[in-house]
Asker: 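First, the structure itself, so that you have it in front of you.
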Amino acid sequence: MDKKLYITTAIPYVNGTPHIGNALDYLLADIWTRYQKQNGHEVRFQVGTDEHGNKIAAKAAAAGLDPQGYTDQMYVNFEALMKRMEASYTDFVRTTDIHHIQSVQYLWQVLQPYIYKGSYEGWYCVGCESFVSDKEATTNGGICPDHQQPYQHLSEENYYLKTSAFTDRVRQSITDDELKIVPEFRKKEFLELIKDGLQDVSISRPKKNLSWGIPVPGDPDQVMYVWLDALANYITVLGYPDNSDWQQYWPADVQVVGKDILRFHAGIWPAMLLGAGLELPKKLLVHGHVNVGGAKMSKTVGNVVDPIEVINDYGLDAFRYYFSRHIPTLDDGDFTWEKFENSYNTELANDLGNLIRRVSGMIGRYQAGVIGVAPQGEHDMSAYHEAMEKLEFNRAIDEVWLMVRSLNQYIENVKPWEIAKKATTDADAKAHLNDVLAYAVGALLQIGDLLVPFLPTTAATIHKTFESGVIVDTEVLFPKIYKHTADPNANRA
RNA sequence: CGCGGGGUGGAGCAGCCUGGUUAGCUCGGAUGGCUCAUAACCAUCAGGUCGUAGGUUCAAAUCCUACCCCCGCAACCA
């Protein structure tokens, strides 16, 4: 019996609203999950929110709320996005969950042999109540831009995790693909990054500087800093350590992360796991970032794209389509409303939507909607499955579109409308027509199967339309939309 | 010499690792065909010194060297 499968996504910090990056995480994990389920596997799919830290406390105070009340309000936004995307997650973890907190405290104790007390020195802003990096202090000329106060050079007591002790094992695991970093160039990049070894990482703060966090067991003056708290979610959500279920799922088969947080997931996280005597995840799927018209998406520039808006305007499957096909799974991608709308109108509407319509239309017109027995689609899909295994989802969906095109070509070559003219008087022609259309239906049903992980709603519509042997009328898929591009027919006579 | 990615017809990409048919695909453009369909679909054509300069080879977009340019990252921002 196969191990039960487990996939995770990064847990976003809840001090803002969900953005495209979060959506991409959920989408990629969801595609994988649906694909594995389709192949008969049981999959657990974790999502969650990171809810501790000073920024949260500050935002809460500004909103006149206590931190817990604030996060209770904020995490809902993320949950709403996941639901809107129909991400088929099974577990939602909040780092303020009581089980998570207890579990992390337990983990801290397990890691005791690798934890030591040290002091941290750096530039500190009293207004922000936090340290800033040397680089940031220098950039700002030694003055905090938010508070117009000079940074002070302070030192404070921290607990450190001896990640350096695990450098060799982490490096070895990654090199050997025991912990496989996908794509390959990210693996190279990370190995290069740690060529001088992993550096011990500070995992706590004095309580006076960090109030909103998990208390360090046995030291009332210290509170855990983000690392242990947030990264541990991947196992605490499974019930670690008290509910033995977790052992059926850990190690994770795939952990989806953005390129910006690879270093924590490939460095600190493995060190934590090794320190606790746990297995390393099998794969890290490192996706890129979504640019807008070639520029980085940023709040200050004001070019942020809200995934909910895209879904509202074009529908869920249109969103899932663009972000799975035109944003390369393992690299940066580009979004513009024009590109999006263009691919929607040409690929979804013209290629696929119209194809479904013309096939169902002919069957309705020539055979009163009766399909007969559709043969099994026989298209060789090894390239599709190979791409799915390699986590190159965009390549897989490309393969589906090759099928769409070839079916359109097939129809063009066979010309069912001509056969139909003879079919009224010629029994052979009638049988031939039936075969041709049934073949088209078989191909469409196969396309529908392959789209299940990507476009679940569309796949369901395709099946509903054709699978009963009689055409079931369904709504037009992907009607044309011209909100951001010119309507070519606008000035048609 | 910090690290990584990339420079291929108007745009976006594949091919490069494992050199070898007329350098492939999508979008866009032109022409034609068809009429079942969401004025959709299909075919053909135009267009590329494969960043630059050398080298290896019977043969290089593909391997080697140097250089130019663009983009990320450089430790706590998907």
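Every chain is numbered from 1, with letters handed out A, B, ... down the list of sequences.
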Asker: Determine the contact category for R325(A): base if any of its heavy atoms lies under 4.0 Å from a base atom, sugar-phosphate if only primed atoms, P, OP1 or OP2 are that close, otherwise nothing.
Answerer: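 No contact.
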
Asker: Under 4.0 Å, heavy atoms only, any strand: does V290(A) hit a base, just the sugar-phosphate, or nothing?
Answerer: base

Asker: Determine whether any donor atom in the side chain of E412(A) lies under 3.5 Å from an acceptor atom in the base of G33(B), or the reverse, and answer yes or no.
Answerer: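 Present.
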
Asker: When you compare G24(B) with G32(B), how far apart are their C1' atoms, in angstrom units rounded to a whole number?
Answerer: 24 Å

Asker: May I ask you to say what A10(A) touches in the nucleic acid, namely base, sugar-phosphate or nothing, with a heavy-atom cut-off under 4.0 Å?
Answerer: sugar-phosphate

Asker: Mind checking who C3(B) pairs with, Watson-Crick or G-U wobble, both distances under 3.5 Å?
Answerer: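 Result: G72(B).
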
Asker: Taking the P atom of each, how far is G19(B) from G28(B), in whole Å?
Answerer: 37 Å

Asker: Applying a 4.0 Å non-hydrogen cut-off, can you work out what H326(A) is touching in the nucleic acid: base, sugar-phosphate, or nothing?
Answerer: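 Counting heavy atoms under 4.0 Å across all strands, no contact is made by H326(A).
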
Asker: Which one, G4(B), G28(B), U38(B), comes nearest to the side chain of F478(A)?
Answerer: U38(B)

Asker: Which one, C76(B), C77(B), U38(B), comes nearest to the side chain of I261(A)?
Answerer: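 Of the candidates, C77(B) comes closest.
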
Asker: Which nucleotide in the set G33(B), U38(B), A37(B) lies at the smallest distance from any side-chain heavy atom of R358(A)?
Answerer: A37(B)

Asker: Ring-plane angle category for F340(A) and F335(A), please: parallel below 30°, perpendicular beyond 60°, tilted otherwise.
Answerer: tilted

